[in-house]
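These notes are about the structure you will find just below.
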Amino acid sequence: MKILTVNSLETKKAGQFLAKEILKTSLVNKPLIFGLKGDLGGGKTTFIQGFAKGLGVKEKIVSPTFVIMKKFKIQSPAHRKKFNYFYHLDCYRLEKPEEILDLGLKDIFSNAGNIIVLEWADRVRKVLPENTIWIKFKFISKEKREITIKNFKN
Ligand code: ADP
Ligand code: MG
């Protein structure tokens, strides 16, 4: 699936739309992992802001570059039937893929109540589960971004 957005609000809306689709699907009992990759300034964090909003996360999402991982509670009771926590990671500063495992990612990846989104996920590709859903962000021009989602409903 390819989406072309022409401003950051549209990118947020795309993230929000994806979150809502996920909450609608019957697929439960497994964690969901999204690997975001692509250009710096490509809209990854912007997309995640909309995604988190769509999940019912109340806190403001900022780039976690300096802390690597942030955990948020999924607030809405309706959504919490399926998912409890949203994890936002930025792998830009990692030296080795294995470092994310030191953050307890093995457990986080195996808990059905979790949704995990990683920025710069291609840097840790080898430690990500096979069912990771890949989303690529391409900087087309000052305002235009191309977002490509793989293995989600097609
Ligand atoms: P990344 O996390 O991939 O480095 P960000 O989401 O942090 O990217 O940055 C994207 C920047 O580009 C933001 O300043 C945003 O306002 C701007 N921007 C302009 N047009 C778009 C668009 N169509 N989609 C997303 N961001 C856009
Ligand atoms: Mg970012």
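In listed order, ligands and their atoms are each counted from 1. All values derive from a computational prediction rather than experimental measurement.
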If I take every N, O or S atom of T45, is at least one of them less than 2.8 Å from the Mg ion (ligand 2)? yes

Centroid separation Y85 to F72 less than 6.0 Å: no

Which residues satisfy the side-chain contact (heavy atoms from CB on, under 4.5 Å) test with P129, sequence neighbours excluded? I33, F109, N131, T132

Quick check on F139: does its CZ atom have over 12 non-hydrogen neighbours (other residues, nucleotides or ligands) under 6.0 Å away? yes

Can you tell me which residues line ligand 1 if we count any heavy atom under 4.0 angstrom from one of its atoms, in chain and number order? T5, V6, N7, S8, T11, D39, L40, G41, G42, G43, K44, T45, T46, E119, K142, E143, R145

Atom of E119 nearest the Mg ion (ligand 2) (restricted to N/O/S, atom name only): OE1

Checking only N/O/S atoms, does D90 have one that is under 2.8 Å from the Mg ion (ligand 2)? no

With a cut-off of under 6.0 Å to the ring centre and 45° to the axis, is R93 in cation-pi contact with W120? no

G41 backbone acceptor or donor facing R145 side chain under 3.5 Å: yes

Any chance you could pull the hydrophobic cluster mates of L4, using side-chain heavy atoms under 4.5 angstrom and chaining through other members? I140

With sequence neighbours left out, the residues meeting salt bridge (charged side-chain N to carboxylate O under 4.0 Å, His left out) with K142 are none

